[in-house]
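Quick notes on the structure that follows.
Atoms within a ligand are numbered from 1 in the order they appear, just like the ligands themselves.
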Amino acid sequence: MRVAPSILSADFSRLKEELDTVKSAEWLHIDIMDGHFVPNLTIGPAVVKAVRPHSDQVFDTHLMLADPEAYFDAFIKAGSDQITFHIEAVADVVEAIDTLHEKGVKAGLSLKPKTPVADLHPYLDKIDLVLVMSVEPGFGGQSFMEEALPKIRELKEWKAASGHDFDIVVDGGINKKTAALCREAGADVLVAGSFIFGSEDREKRIEEVRS
Ligand code: DX5
Ligand code: ZN
């Protein structure tokens, strides 16, 4: 089990110090919101570029953008290692995945809670990760939606059947209790924002998410 602290819940006035407290996690989850695809705004490539030299973790960039493809280059240049976009936001999903691979980064697909997991099926043999949203995207600190659990199980079955390896990542409302449910269901990576950054003891929280 790998852990991806979501920097959305970090103290942005001291971002470098905040990142230093979560070094035991394998990934950093970076939420990018445009005020159109979701009703909130966050950060852009300038901030990703600014923190890149301070971390050697995987920069897992979650684009909640109405036109994600228009920003692929900017985030890759800023230092993203993998880029996840929402299938609801892209006209030609295969073309977008191929573009990311040609540019040398991993490609992920994300689903809002109400989008059926079957919508991903045509792309599963091409992608590096699936980001299962367990809250409506837009804000940290929301409660976990249990509807995510059957989706995780279904993806795990598909993964076993297809032979193509991809990471099943779960994002939203992860805490000690919901992390256990997701691990049992078959998640490979768990994103957690408010649970990790809401405590002074980040290492302990990361371990609670992990096991
Ligand atoms: C929500 C974001 C999440 C968010 C998770 O739209 O995609 O990554 O930071 O925050 P918590 O862990 O607080 O639910
Ligand atoms: Zn996210």
Side-chain angles (χ1 to χ4, degrees), residues 1-12 15 18-19 21-22 25-45 47-48 51 57-66 68 71 75 80-89 105-115 127-149 151-152 167-183 187-202 204-210:
M1 176 62 61
R2 282 155 288 161
V3 182
S6 170
I7 67 167
L8 186 60
S9 293
D11 177 350
F12 280 109
L15 197 46
E18 290 281 83
L19 298 191
T21 67
V22 295
E26 290 79 2
W27 293 7
L28 272 187
H29 184 82
I30 305 171
D31 287 309
I32 311 295
M33 307 186 190
D34 67 351
H36 292 279
F37 186 74
V38 290
N40 194 9
L41 290 162
T42 56
I43 57 170
V47 176
V48 177
V51 294
Q57 287 151 305
V58 171
F59 273 24
D60 172 52
T61 309
H62 178 193
L63 300 185
M64 285 159 277
L65 306 178
Y71 297 92
F75 284 102
S80 294
D81 297 295
Q82 49 198 35
I83 291 191
T84 296
F85 61 88
H86 280 257
I87 61 165
E88 302 92 345
V105 294
K106 291 189 173 177
L109 295 180
S110 186
L111 290 174
K112 289 183 179 186
K114 289 188 185 70
T115 306
I127 48 156
D128 303 291
L129 70 100
V130 174
L131 185 70
V132 178
M133 292 300 305
S134 39
V135 297
E136 282 298 336
F139 299 91
Q142 304 180 74
S143 299
F144 182 82
M145 298 166 76
E146 302 232 339
E147 295 93 310
L149 296 172
K151 288 183 170 181
I152 300 167
D167 287 324
I168 302 171
V169 188
V170 188
D171 184 12
I174 296 296
N175 55 36
K176 191 179 164 132
K177 190 170 150 245
T178 57
L181 299 174
C182 294
R183 280 197 304 272
D188 301 300
V189 186
L190 295 174
V191 175
S194 51
F195 182 66
I196 291 175
F197 286 101
S199 162
E200 286 304 307
D201 193 346
R202 274 84 192 263
K204 183 168 168 233
R205 289 281 163 102
I206 289 168
E207 278 319 303
E208 285 174 347
V209 171
R210 198 190 297 285

Students should be able to answer this: which protein heavy-atom is nearest to [atom], and at what distance?
| atom | result |
| --- | --- |
| atom 10 (O) of ligand 1 | Gly140 CA, 3.5 Å |
| atom 5 (C) of ligand 1 | Asp171 OD1, 3.6 Å |
| atom 12 (O) of ligand 1 | Gly193 N, 2.8 Å |
| atom 4 (C) of ligand 1 | Asp31 OD2, 3.6 Å |
| atom 9 (O) of ligand 1 | Ser6 OG, 2.7 Å |
| atom 6 (O) of ligand 1 | Gly138 N, 2.7 Å |

Minimum heavy-atom separation for Val135 to Gly173, with atom names?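 Heavy atoms of Val135 and Gly173 come nearest at CG1-N, 3.8 Å.
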Considering all heavy atoms of both residues, which atom of Phe37 and which atom of Ala89 are nearest to each other, and what is their separation?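 Here Phe37 and Ala89 meet closest at CE1-CB, 3.9 Å.
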pair Met133-Thr115: side-chain heavy atoms closer than 4.5 Å: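 They are not in side-chain contact.
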Below 4.0 angstrom from a heavy atom of [X], which ligand 1 atoms are there? Numbered from 1 as shown, please.
| X | value |
| --- | --- |
| Leu8 | 9 (O) |
| Met33 | 6 (O) |
| Ser194 | 11 (P), 12 (O), 13 (O) |
| Gly172 | 14 (O) |
| His62 | 7 (O) |
| Ala192 | 12 (O) |
| Pro137 | 6 (O) |

Could you check whether any heavy atom of Phe139 sits closer than 4.0 Å to an atom of ligand 1, since that is the contact criterion I want to use?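 Within the 4.0 Å threshold, so yes.
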Salt bridge or not for Asp167 and Lys106, using N-O below 4.0 Å?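 Salt bridge between Asp167 and Lys106, a charged N being under 4.0 Å from a carboxylate O: no.
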Salt bridge or not between Glu136 and Lys114? Use side-chain N to carboxylate O under 4.0 Å.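 Lys114 and Glu136: salt-bridged.
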So is Lys177 actually on top of Phe195's ring, under 6.0 Å and inside 45° of the axis?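 Cation-pi check for Lys177 and Phe195: fails.
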Closest to the Zn ion (ligand 2), which N/O/S atom of [X] is it?
| X | value |
| --- | --- |
| Asp31 | OD1 |
| His62 | ND1 |
| Asp171 | OD2 |

Counting only N and O atoms by type, is there a donor-acceptor contact under 3.5 Å from the side chain of Gln57 to the main-chain atoms of Ala25?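 Yes; at least one donor-acceptor contact below 3.5 Å.
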N or O pair under 3.5 Å between Gly173 and ligand 1: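 It does: an N or O of Gly173 is found under 3.5 Å from an N or O of ligand 1.
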